[in-house]
2 protein chains.
Amino acid sequence: MLSRGRSMAGSRAARRALGSPAEMLEDGYMSLAKPAFPAPDHDHGRCTADALAHAEVVCEQRAQKFTPIRRQVLGALLSSHRPLGAYEIIDELAKSMARPAPITVYRALDFLMANGLVHRIESRNAYLACAAHDHDSTSAVAFLICERCGLVGEIPSSSFAKDLNAAARSSGFAPKLSVVEITGVCTHCQKMS
Amino acid sequence: MLSRGRSMAGSRAARRALGSPAEMLEDGYMSLAKPAFPAPDHDHGRCTADALAHAEVVCEQRAQKFTPIRRQVLGALLSSHRPLGAYEIIDELAKSMARPAPITVYRALDFLMANGLVHRIESRNAYLACAAHDHDSTSAVAFLICERCGLVGEIPSSSFAKDLNAAARSSGFAPKLSVVEITGVCTHCQKMS
DNA sequence: AAATAATCGTAAGCTTGCTTATTATATGCA
DNA sequence: TGCATATAATAAGCAAGCTTACGATTATTT
(Lines give C-alpha, C1' and ligand atoms only; values in the text may rest on other atoms or scores of the structure.)
Protein backbone atom coordinates (compact mmCIF):
# COMPACT_ATOMS: atom_id res chain seq x y z
CA MET A 1 0.00 0.00 0.00
CA LEU A 2 1.33 3.36 -0.88
CA SER A 3 -0.90 5.64 1.07
CA ARG A 4 0.44 8.00 3.66
CA GLY A 5 -0.56 10.84 5.89
CA ARG A 6 -3.34 9.31 7.85
CA SER A 7 -1.63 6.88 10.13
CA MET A 8 0.94 8.64 12.22
CA ALA A 9 1.11 6.29 15.13
CA GLY A 10 4.36 7.69 16.45
CA SER A 11 5.70 6.29 19.69
CA ARG A 12 6.58 9.23 21.82
CA ALA A 13 8.27 6.96 24.32
CA ALA A 14 11.45 8.26 25.85
CA ARG A 15 14.60 7.12 24.22
CA ARG A 16 18.15 6.95 25.42
CA ALA A 17 21.12 7.82 23.17
CA LEU A 18 22.65 11.24 22.98
CA GLY A 19 22.52 13.44 19.95
CA SER A 20 25.82 13.99 18.26
CA PRO A 21 24.97 16.33 15.42
CA ALA A 22 27.75 16.17 12.88
CA GLU A 23 29.49 19.46 12.39
CA MET A 24 31.16 18.53 9.13
CA LEU A 25 30.42 15.81 6.69
CA GLU A 26 32.40 13.30 4.68
CA ASP A 27 31.45 15.02 1.48
CA GLY A 28 32.56 18.33 2.88
CA TYR A 29 29.12 19.79 3.24
CA MET A 30 29.17 22.30 6.03
CA SER A 31 26.94 21.82 8.97
CA LEU A 32 24.07 24.19 9.38
CA ALA A 33 23.40 26.72 12.10
CA LYS A 34 21.97 24.40 14.70
CA PRO A 35 21.10 20.75 15.03
CA ALA A 36 17.90 20.29 13.13
CA PHE A 37 16.63 17.52 15.30
CA PRO A 38 15.38 17.75 18.85
CA ALA A 39 17.42 15.38 20.96
CA PRO A 40 15.26 12.84 22.73
CA ASP A 41 16.56 13.99 26.08
CA HIS A 42 16.39 17.71 25.56
CA ASP A 43 14.81 19.87 28.22
CA HIS A 44 11.37 19.85 26.78
CA GLY A 45 9.76 21.92 29.48
CA ARG A 46 12.25 24.64 28.80
CA CYS A 47 11.92 24.31 25.06
CA THR A 48 8.15 24.65 25.35
CA ALA A 49 8.39 27.60 27.68
CA ASP A 50 10.86 29.30 25.39
CA ALA A 51 8.61 28.84 22.41
CA LEU A 52 5.60 30.22 24.24
CA ALA A 53 7.63 33.17 25.44
CA HIS A 54 8.82 33.76 21.92
CA ALA A 55 5.25 33.65 20.68
CA GLU A 56 4.26 36.25 23.21
CA VAL A 57 7.05 38.54 22.11
CA VAL A 58 6.16 38.15 18.47
CA CYS A 59 2.51 38.86 19.09
CA GLU A 60 3.27 41.87 21.19
CA GLN A 61 5.63 43.26 18.59
CA ARG A 62 2.97 42.93 15.98
CA ALA A 63 0.20 44.09 18.23
CA GLN A 64 -1.52 40.78 17.81
CA LYS A 65 -3.39 39.06 20.56
CA PHE A 66 -2.06 35.84 21.92
CA THR A 67 -5.37 34.59 23.20
CA PRO A 68 -5.96 31.50 25.32
CA ILE A 69 -7.02 29.23 22.46
CA ARG A 70 -4.12 30.34 20.36
CA ARG A 71 -1.82 29.62 23.23
CA GLN A 72 -3.44 26.27 23.82
CA VAL A 73 -3.21 25.22 20.20
CA LEU A 74 0.43 26.20 20.11
CA GLY A 75 0.88 24.38 23.38
CA ALA A 76 -0.64 21.22 21.96
CA LEU A 77 1.74 21.36 19.03
CA LEU A 78 4.67 22.04 21.29
CA SER A 79 3.84 19.09 23.48
CA SER A 80 5.41 16.91 20.83
CA HIS A 81 7.84 17.71 18.09
CA ARG A 82 5.54 15.82 15.80
CA PRO A 83 3.19 17.35 13.28
CA LEU A 84 -0.41 17.02 14.38
CA GLY A 85 -3.46 16.97 12.18
CA ALA A 86 -6.22 19.41 13.04
CA TYR A 87 -8.28 16.67 14.58
CA GLU A 88 -5.36 15.41 16.58
CA ILE A 89 -5.05 18.90 17.98
CA ILE A 90 -8.71 18.83 18.87
CA ASP A 91 -8.25 15.52 20.64
CA GLU A 92 -5.26 16.88 22.48
CA LEU A 93 -7.11 19.98 23.63
CA ALA A 94 -10.15 17.95 24.61
CA LYS A 95 -8.07 16.46 27.40
CA SER A 96 -7.87 19.72 29.26
CA MET A 97 -10.96 21.62 28.17
CA ALA A 98 -14.30 21.32 26.47
CA ARG A 99 -13.69 19.80 23.06
CA PRO A 100 -13.20 22.69 20.66
CA ALA A 101 -14.93 22.80 17.30
CA PRO A 102 -12.83 22.40 14.16
CA ILE A 103 -13.33 26.01 13.21
CA THR A 104 -11.86 27.16 16.48
CA VAL A 105 -8.69 25.23 15.92
CA TYR A 106 -8.42 26.22 12.27
CA ARG A 107 -8.70 29.87 13.15
CA ALA A 108 -5.99 29.56 15.74
CA LEU A 109 -3.82 27.70 13.26
CA ASP A 110 -4.37 30.38 10.63
CA PHE A 111 -3.29 32.98 13.13
CA LEU A 112 -0.25 31.03 14.22
CA MET A 113 0.82 30.35 10.65
CA ALA A 114 0.34 33.95 9.64
CA ASN A 115 2.69 34.91 12.42
CA GLY A 116 5.29 32.32 11.60
CA LEU A 117 4.79 30.33 14.76
CA VAL A 118 3.50 27.22 13.09
CA HIS A 119 4.29 25.43 9.84
CA ARG A 120 1.99 23.34 7.75
CA ILE A 121 3.47 20.02 6.63
CA GLU A 122 1.92 19.69 3.23
CA SER A 123 2.70 16.07 2.68
CA ARG A 124 0.80 15.16 5.83
CA ASN A 125 -1.92 17.76 6.10
CA ALA A 126 -0.55 18.44 9.52
CA TYR A 127 0.83 21.27 11.56
CA LEU A 128 4.06 21.73 13.43
CA ALA A 129 5.21 24.26 15.99
CA CYS A 130 8.01 26.21 14.44
CA ALA A 131 11.32 25.43 16.06
CA ALA A 132 13.74 27.81 14.40
CA HIS A 133 12.84 31.30 15.49
CA ASP A 134 15.25 32.96 13.16
CA HIS A 135 14.32 32.10 9.61
CA ASP A 136 12.71 34.87 7.67
CA SER A 137 9.26 33.99 6.53
CA THR A 138 9.96 34.20 2.81
CA SER A 139 12.75 31.67 2.54
CA ALA A 140 12.28 27.98 2.13
CA VAL A 141 12.53 25.60 5.00
CA ALA A 142 13.21 21.94 4.60
CA PHE A 143 11.62 19.51 6.99
CA LEU A 144 13.17 16.26 8.05
CA ILE A 145 10.50 13.81 9.05
CA CYS A 146 11.60 10.72 10.92
CA GLU A 147 9.56 7.75 9.84
CA ARG A 148 10.34 5.89 13.05
CA CYS A 149 9.62 8.30 15.85
CA GLY A 150 7.63 10.84 13.87
CA LEU A 151 9.67 13.76 15.09
CA VAL A 152 10.35 16.56 12.67
CA GLY A 153 13.42 18.73 12.40
CA GLU A 154 13.97 21.82 10.34
CA ILE A 155 16.80 22.78 8.08
CA PRO A 156 16.73 26.54 7.91
CA SER A 157 17.13 28.12 4.54
CA SER A 158 20.63 27.48 3.32
CA SER A 159 22.59 26.89 0.20
CA PHE A 160 20.28 24.18 -1.00
CA ALA A 161 17.46 26.68 -1.30
CA LYS A 162 19.53 28.75 -3.66
CA ASP A 163 20.36 25.72 -5.75
CA LEU A 164 16.80 24.62 -5.75
CA ASN A 165 15.53 27.96 -6.92
CA ALA A 166 18.29 28.17 -9.49
CA ALA A 167 17.35 24.76 -10.81
CA ALA A 168 13.76 25.87 -11.06
CA ARG A 169 14.62 29.13 -12.74
CA SER A 170 16.85 27.35 -15.22
CA SER A 171 13.73 26.09 -16.89
CA GLY A 172 12.17 29.52 -16.85
CA PHE A 173 10.09 28.85 -13.81
CA ALA A 174 9.62 31.60 -11.22
CA PRO A 175 9.60 29.83 -7.88
CA LYS A 176 7.60 31.21 -4.99
CA LEU A 177 6.79 28.75 -2.31
CA SER A 178 8.84 25.63 -1.84
CA VAL A 179 7.73 22.54 -0.08
CA VAL A 180 10.68 20.40 0.86
CA GLU A 181 9.86 17.49 3.07
CA ILE A 182 12.32 14.69 3.49
CA THR A 183 11.32 11.43 5.04
CA GLY A 184 13.98 9.24 6.58
CA VAL A 185 15.44 8.11 9.86
CA CYS A 186 16.76 10.54 12.45
CA THR A 187 20.04 10.27 14.31
CA HIS A 188 18.47 9.00 17.45
CA CYS A 189 16.43 6.27 15.84
CA GLN A 190 19.41 5.11 13.81
CA LYS A 191 21.24 4.43 17.03
CA MET A 192 18.51 2.18 18.24
CA SER A 193 19.47 -0.22 15.44
CA MET B 1 -6.66 32.36 3.90
CA LEU B 2 -3.88 29.85 3.92
CA SER B 3 -5.63 26.74 2.85
CA ARG B 4 -4.67 24.90 -0.22
CA GLY B 5 -5.23 21.70 -2.05
CA ARG B 6 -8.93 21.70 -2.53
CA SER B 7 -9.52 24.35 -5.10
CA MET B 8 -7.64 23.56 -8.23
CA ALA B 9 -9.70 25.49 -10.68
CA GLY B 10 -7.08 25.47 -13.43
CA SER B 11 -8.01 26.91 -16.77
CA ARG B 12 -6.94 24.40 -19.30
CA ALA B 13 -7.65 26.89 -22.05
CA ALA B 14 -5.24 26.92 -24.91
CA ARG B 15 -2.55 29.53 -24.71
CA ARG B 16 -0.35 31.16 -27.25
CA ALA B 17 3.32 31.95 -26.65
CA LEU B 18 6.19 29.66 -27.52
CA GLY B 19 8.36 27.98 -24.98
CA SER B 20 11.96 29.14 -24.92
CA PRO B 21 13.44 27.08 -22.13
CA ALA B 22 16.61 28.77 -20.93
CA GLU B 23 19.69 26.71 -21.50
CA MET B 24 21.97 28.63 -19.20
CA LEU B 25 21.21 31.02 -16.44
CA GLU B 26 22.45 34.36 -15.19
CA ASP B 27 23.83 32.77 -12.07
CA GLY B 28 25.65 30.22 -14.12
CA TYR B 29 23.51 27.29 -13.10
CA MET B 30 23.56 24.77 -15.87
CA SER B 31 20.36 23.83 -17.52
CA LEU B 32 18.99 20.39 -16.90
CA ALA B 33 18.50 17.54 -19.29
CA LYS B 34 15.24 18.62 -20.81
CA PRO B 35 12.81 21.45 -20.40
CA ALA B 36 10.81 20.64 -17.33
CA PHE B 37 7.67 22.27 -18.50
CA PRO B 38 5.31 21.09 -21.20
CA ALA B 39 5.02 23.86 -23.74
CA PRO B 40 1.43 24.95 -24.25
CA ASP B 41 1.68 24.11 -27.93
CA HIS B 42 3.41 20.77 -27.66
CA ASP B 43 2.08 17.85 -29.62
CA HIS B 44 -0.10 16.51 -26.89
CA GLY B 45 -1.56 13.66 -28.85
CA ARG B 46 1.90 12.39 -29.52
CA CYS B 47 3.02 12.96 -25.96
CA THR B 48 0.04 10.98 -24.69
CA ALA B 49 0.58 8.19 -27.17
CA ASP B 50 4.25 7.99 -26.25
CA ALA B 51 3.45 7.75 -22.58
CA LEU B 52 0.91 5.01 -23.13
CA ALA B 53 3.34 3.12 -25.31
CA HIS B 54 5.98 3.49 -22.66
CA ALA B 55 3.58 2.17 -20.05
CA GLU B 56 2.92 -0.87 -22.16
CA VAL B 57 6.60 -1.59 -22.51
CA VAL B 58 7.20 -1.22 -18.81
CA CYS B 59 4.33 -3.52 -17.95
CA GLU B 60 5.41 -6.14 -20.41
CA GLN B 61 8.96 -6.07 -19.13
CA ARG B 62 7.72 -6.65 -15.64
CA ALA B 63 5.07 -9.15 -16.63
CA GLN B 64 2.42 -6.84 -15.27
CA LYS B 65 -0.96 -6.43 -16.79
CA PHE B 66 -1.85 -3.13 -18.33
CA THR B 67 -5.57 -3.61 -18.02
CA PRO B 68 -8.26 -1.32 -19.43
CA ILE B 69 -8.96 0.60 -16.20
CA ARG B 70 -5.28 1.08 -15.58
CA ARG B 71 -4.92 2.41 -19.08
CA GLN B 72 -7.94 4.62 -18.65
CA VAL B 73 -6.74 6.07 -15.38
CA LEU B 74 -3.35 6.80 -16.87
CA GLY B 75 -5.10 8.24 -19.88
CA ALA B 76 -7.14 10.56 -17.70
CA LEU B 77 -3.99 11.82 -16.03
CA LEU B 78 -2.27 12.22 -19.36
CA SER B 79 -5.11 14.25 -20.74
CA SER B 80 -3.77 17.18 -18.79
CA HIS B 81 -0.35 17.87 -17.39
CA ARG B 82 -2.08 18.80 -14.19
CA PRO B 83 -2.26 16.70 -11.08
CA LEU B 84 -5.72 15.28 -10.57
CA GLY B 85 -7.31 14.25 -7.31
CA ALA B 86 -8.80 10.79 -7.14
CA TYR B 87 -12.29 12.17 -7.45
CA GLU B 88 -11.33 14.32 -10.38
CA ILE B 89 -10.10 11.18 -12.08
CA ILE B 90 -13.42 9.54 -11.35
CA ASP B 91 -15.23 12.51 -12.89
CA GLU B 92 -12.97 12.37 -15.89
CA LEU B 93 -13.55 8.66 -16.44
CA ALA B 94 -17.28 9.05 -15.90
CA LYS B 95 -17.39 10.96 -19.17
CA SER B 96 -16.56 7.91 -21.21
CA MET B 97 -17.75 5.01 -19.11
CA ALA B 98 -19.86 4.03 -16.15
CA ARG B 99 -18.67 6.07 -13.20
CA PRO B 100 -16.03 3.96 -11.46
CA ALA B 101 -16.00 3.53 -7.69
CA PRO B 102 -13.23 5.16 -5.69
CA ILE B 103 -11.66 1.83 -4.88
CA THR B 104 -11.31 1.05 -8.54
CA VAL B 105 -9.38 4.22 -9.20
CA TYR B 106 -7.24 3.86 -6.10
CA ARG B 107 -6.28 0.37 -7.09
CA ALA B 108 -5.25 1.51 -10.52
CA LEU B 109 -3.30 4.40 -9.02
CA ASP B 110 -1.49 2.06 -6.66
CA PHE B 111 -0.51 -0.07 -9.59
CA LEU B 112 0.63 2.85 -11.69
CA MET B 113 2.65 4.34 -8.84
CA ALA B 114 4.24 1.01 -8.03
CA ASN B 115 5.42 0.86 -11.61
CA GLY B 116 6.70 4.39 -11.72
CA LEU B 117 4.13 5.60 -14.21
CA VAL B 118 2.41 8.03 -11.89
CA HIS B 119 3.60 10.33 -9.15
CA ARG B 120 1.71 11.44 -6.12
CA ILE B 121 1.89 15.15 -5.43
CA GLU B 122 1.91 15.14 -1.67
CA SER B 123 1.17 18.78 -1.16
CA ARG B 124 -2.06 18.41 -3.12
CA ASN B 125 -3.22 14.90 -2.48
CA ALA B 126 -3.22 14.52 -6.21
CA TYR B 127 -1.71 12.35 -8.89
CA LEU B 128 0.31 13.12 -11.96
CA ALA B 129 1.29 11.07 -14.97
CA CYS B 130 5.04 10.72 -14.91
CA ALA B 131 6.65 12.68 -17.70
CA ALA B 132 10.32 11.80 -17.41
CA HIS B 133 10.71 8.18 -18.31
CA ASP B 134 14.34 8.04 -17.40
CA HIS B 135 14.65 8.82 -13.74
CA ASP B 136 15.39 5.87 -11.55
CA SER B 137 12.71 5.30 -8.99
CA THR B 138 14.93 5.83 -5.98
CA SER B 139 16.14 9.33 -6.71
CA ALA B 140 14.32 12.49 -5.83
CA VAL B 141 12.23 14.38 -8.31
CA ALA B 142 11.31 18.00 -7.87
CA PHE B 143 7.97 19.20 -9.13
CA LEU B 144 7.33 22.65 -10.43
CA ILE B 145 3.70 23.54 -9.98
CA CYS B 146 2.42 26.58 -11.83
CA GLU B 147 -0.08 28.44 -9.73
CA ARG B 148 -1.61 30.08 -12.77
CA CYS B 149 -2.24 27.31 -15.25
CA GLY B 150 -1.89 24.39 -12.86
CA LEU B 151 0.53 22.54 -15.10
CA VAL B 152 3.31 20.61 -13.46
CA GLY B 153 6.83 20.08 -14.69
CA GLU B 154 9.49 17.78 -13.35
CA ILE B 155 13.11 18.44 -12.61
CA PRO B 156 14.79 15.08 -12.78
CA SER B 157 17.21 14.23 -10.07
CA SER B 158 20.18 16.50 -10.37
CA SER B 159 22.77 18.25 -8.32
CA PHE B 160 20.26 19.78 -6.00
CA ALA B 161 19.21 16.36 -4.82
CA LYS B 162 22.77 15.67 -3.75
CA ASP B 163 22.95 18.94 -1.88
CA LEU B 164 19.63 18.32 -0.29
CA ASN B 165 20.59 14.90 0.93
CA ALA B 166 23.94 16.19 2.11
CA ALA B 167 22.23 18.93 4.06
CA ALA B 168 19.97 16.38 5.62
CA ARG B 169 22.80 14.03 6.45
CA SER B 170 24.82 16.84 7.97
CA SER B 171 22.47 16.73 10.91
CA GLY B 172 22.73 12.98 11.15
CA PHE B 173 19.52 12.33 9.29
CA ALA B 174 19.30 9.41 6.88
CA PRO B 175 17.11 10.64 4.03
CA LYS B 176 14.94 8.23 2.11
CA LEU B 177 12.08 9.82 0.28
CA SER B 178 12.15 13.45 -0.64
CA VAL B 179 9.15 15.54 -1.45
CA VAL B 180 10.17 18.64 -3.30
CA GLU B 181 7.29 20.64 -4.67
CA ILE B 182 7.83 24.17 -5.79
CA THR B 183 4.94 26.46 -6.47
CA GLY B 184 5.44 29.41 -8.75
CA VAL B 185 4.73 30.70 -12.21
CA CYS B 186 5.79 28.84 -15.33
CA THR B 187 7.52 30.35 -18.33
CA HIS B 188 4.42 30.43 -20.43
CA CYS B 189 2.24 32.12 -17.86
CA GLN B 190 4.91 34.70 -17.14
CA LYS B 191 4.74 35.76 -20.75
CA MET B 192 1.06 36.41 -20.49
CA SER B 193 1.95 39.12 -18.00
C1' DA C 1 -11.18 -29.40 -16.12
C1' DA C 2 -10.15 -27.92 -11.70
C1' DA C 3 -7.62 -25.04 -8.77
C1' DT C 4 -5.28 -20.87 -7.91
C1' DA C 5 -4.22 -16.20 -8.18
C1' DA C 6 -4.93 -11.78 -9.86
C1' DT C 7 -8.07 -8.41 -10.94
C1' DC C 8 -12.33 -6.01 -10.82
C1' DG C 9 -16.93 -4.46 -9.23
C1' DT C 10 -20.59 -3.29 -5.79
C1' DA C 11 -21.90 -1.43 -1.59
C1' DA C 12 -21.20 0.94 2.27
C1' DG C 13 -18.93 3.87 5.38
C1' DC C 14 -15.41 6.24 7.93
C1' DT C 15 -12.13 10.10 8.96
C1' DT C 16 -10.13 14.21 7.98
C1' DG C 17 -10.04 18.73 6.39
C1' DC C 18 -12.34 22.63 5.98
C1' DT C 19 -16.50 25.79 5.37
C1' DT C 20 -20.73 28.56 6.10
C1' DA C 21 -23.65 30.49 8.68
C1' DT C 22 -25.14 33.04 13.02
C1' DT C 23 -24.74 34.67 17.55
C1' DA C 24 -22.09 35.94 21.52
C1' DT C 25 -18.16 38.00 24.10
C1' DA C 26 -14.36 40.79 24.81
C1' DT C 27 -11.48 44.88 24.04
C1' DG C 28 -10.38 49.44 22.84
C1' DC C 29 -11.57 54.04 22.39
C1' DA C 30 -14.23 58.20 21.70
C1' DT D 1 -21.72 54.95 28.28
C1' DG D 2 -22.01 53.73 23.75
C1' DC D 3 -20.05 52.08 19.58
C1' DA D 4 -16.80 49.61 16.69
C1' DT D 5 -13.60 46.03 15.97
C1' DA D 6 -11.55 41.78 16.88
C1' DT D 7 -12.15 37.42 18.64
C1' DA D 8 -14.65 33.39 19.85
C1' DA D 9 -18.38 29.90 20.35
C1' DT D 10 -22.29 27.12 18.54
C1' DA D 11 -24.35 24.46 15.13
C1' DA D 12 -24.43 22.22 11.02
C1' DG D 13 -22.68 20.27 6.96
C1' DC D 14 -20.06 19.28 2.65
C1' DA D 15 -16.54 17.01 0.06
C1' DA D 16 -12.28 14.75 -0.56
C1' DG D 17 -9.59 10.98 0.44
C1' DC D 18 -9.40 6.54 1.51
C1' DT D 19 -10.92 1.91 3.46
C1' DT D 20 -13.32 -2.58 4.54
C1' DA D 21 -15.88 -6.41 3.14
C1' DC D 22 -17.28 -9.50 -0.10
C1' DG D 23 -18.75 -11.51 -4.26
C1' DA D 24 -17.88 -11.93 -9.31
C1' DT D 25 -14.72 -12.22 -13.10
C1' DT D 26 -10.94 -13.30 -15.59
C1' DA D 27 -6.46 -15.17 -16.40
C1' DT D 28 -2.87 -18.72 -15.24
C1' DT D 29 -1.37 -22.76 -13.81
C1' DT D 30 -1.59 -27.73 -12.85
Side-chain angles (χ1 to χ4, degrees), chain A residues 1-10 59-60 62-74 76-77 82-94 97-115 118-128, chain B residues 1-10 59-60 62-74 76-77 82-94 97-115 118-128:
Chain A
M1 189 83 68
L2 294 173
S3 72
R4 210 167 301 105
R6 284 298 143 92
S7 59
M8 291 182 278
C59 290
E60 194 163 1
R62 303 184 173 203
Q64 302 271 276
K65 285 170 213 159
F66 195 48
T67 63
I69 343 90
R70 291 170 181 176
R71 158 175 259 115
Q72 280 166 307
V73 167
L74 182 57
L77 289 174
R82 292 173 44 234
L84 299 182
Y87 277 54
E88 285 180 297
I89 294 172
I90 292 174
D91 290 344
E92 187 65 31
L93 293 187
M97 59 182 284
R99 164 170 286 257
I103 184 86
T104 303
V105 168
Y106 279 111
R107 273 196 288 245
L109 285 172
D110 281 349
F111 173 88
L112 294 169
M113 283 193 290
N115 289 280
V118 158
H119 291 294
R120 182 182 155 92
I121 305 291
E122 299 290 343
S123 63
R124 308 219 164 191
N125 295 331
Y127 305 84
L128 180 73
Chain B
M1 187 85 67
L2 293 172
S3 71
R4 210 167 301 105
R6 285 297 143 89
S7 59
M8 291 182 277
C59 290
E60 195 163 2
R62 303 184 172 204
Q64 301 273 274
K65 285 169 213 160
F66 195 47
T67 63
I69 343 92
R70 290 168 180 177
R71 157 175 261 117
Q72 279 165 305
V73 168
L74 183 57
L77 290 174
R82 293 174 44 235
L84 298 181
Y87 278 53
E88 286 180 296
I89 294 172
I90 291 175
D91 290 345
E92 187 65 33
L93 293 187
M97 60 182 283
R99 164 171 286 257
I103 184 81
T104 304
V105 167
Y106 280 109
R107 274 196 286 241
L109 285 172
D110 281 348
F111 174 89
L112 294 169
M113 283 191 291
N115 290 280
V118 159
H119 291 293
R120 182 182 156 92
I121 305 291
E122 299 289 342
S123 63
R124 310 222 163 190
N125 294 330
Y127 305 84
L128 179 75

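Given the structure is predicted, the values throughout are model-derived calculations rather than measurements. The sequence lines fix the lettering, A, B, ..., with proteins before strands; numbering per chain opens at 1.
Here B:Ala86 lies in heavy-atom contact (under 4.0 Å) with sugar-phosphate atoms only.
For B:Arg71, the side chain to side chain donor-acceptor pair (under 3.5 Å) partners two or more places apart in sequence, or in a different chain, are B:Glu56.
Remark: C1' of D:dG17 and OH of B:Tyr127 are 7 Å apart, rounded to the nearest angstrom. Regarding B:Glu122, its CD atom lies at a distance of 13 Å from the C1' atom of D:dG17, rounded to whole Å. As a whole-Å value, the separation of B:Arg124 CZ from C:dG17 P is 18 Å. Protein atom OH of B:Tyr106 is 17 Å distant from nucleotide atom P of C:dC14, rounded to whole Å. In this structure, the OH atom of A:Tyr87 is 12 Å from the C1' atom of C:dC14, given to the nearest Å. Distance, B:Arg99 CZ to C:dG9 C1': 15 Å, rounded to whole Å. Atom CG in A:Asn125 sits about 9 Å away from atom C1' in D:dG17, given to the nearest Å. The nearest whole Å value for the distance from the CG atom in A:Asp110 to the P atom in C:dT19 is 8 Å.
Within the structure, every side-chain polar atom (N or O) of B:Arg120 is placed at least 4.0 Å from both OP1 and OP2 of D:dG17.
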- Could you write nucleotides 3-9 of chain D as a row of B, S and -, 5' to 3', where a protein heavy atom under 4.0 Å of any base atom gives B, of only sugar-phosphate atoms gives S, and otherwise -? ---SSSB
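Shortest non-hydrogen contact noted between A:Val118 and A:Met113 is O-CG, 3.4 Å. Annotation for A:Leu74 and A:Phe66: closest pair CD2-CZ, 3.9 Å, computed over non-hydrogen atoms. Heavy-atom minimum distance, A:Arg70 versus A:Phe111: NH1-CE1, 3.1 Å.
To the nearest 0.5 Å, the span separating CZ on A:Arg99 from CD1 on A:Ile90 amounts to 6.5 Å.
Side-chain atoms of B:Glu92 never come within 3.5 Å of backbone atoms of B:Ile89 as a donor-acceptor pair (strictly under, hydrogens ignored).
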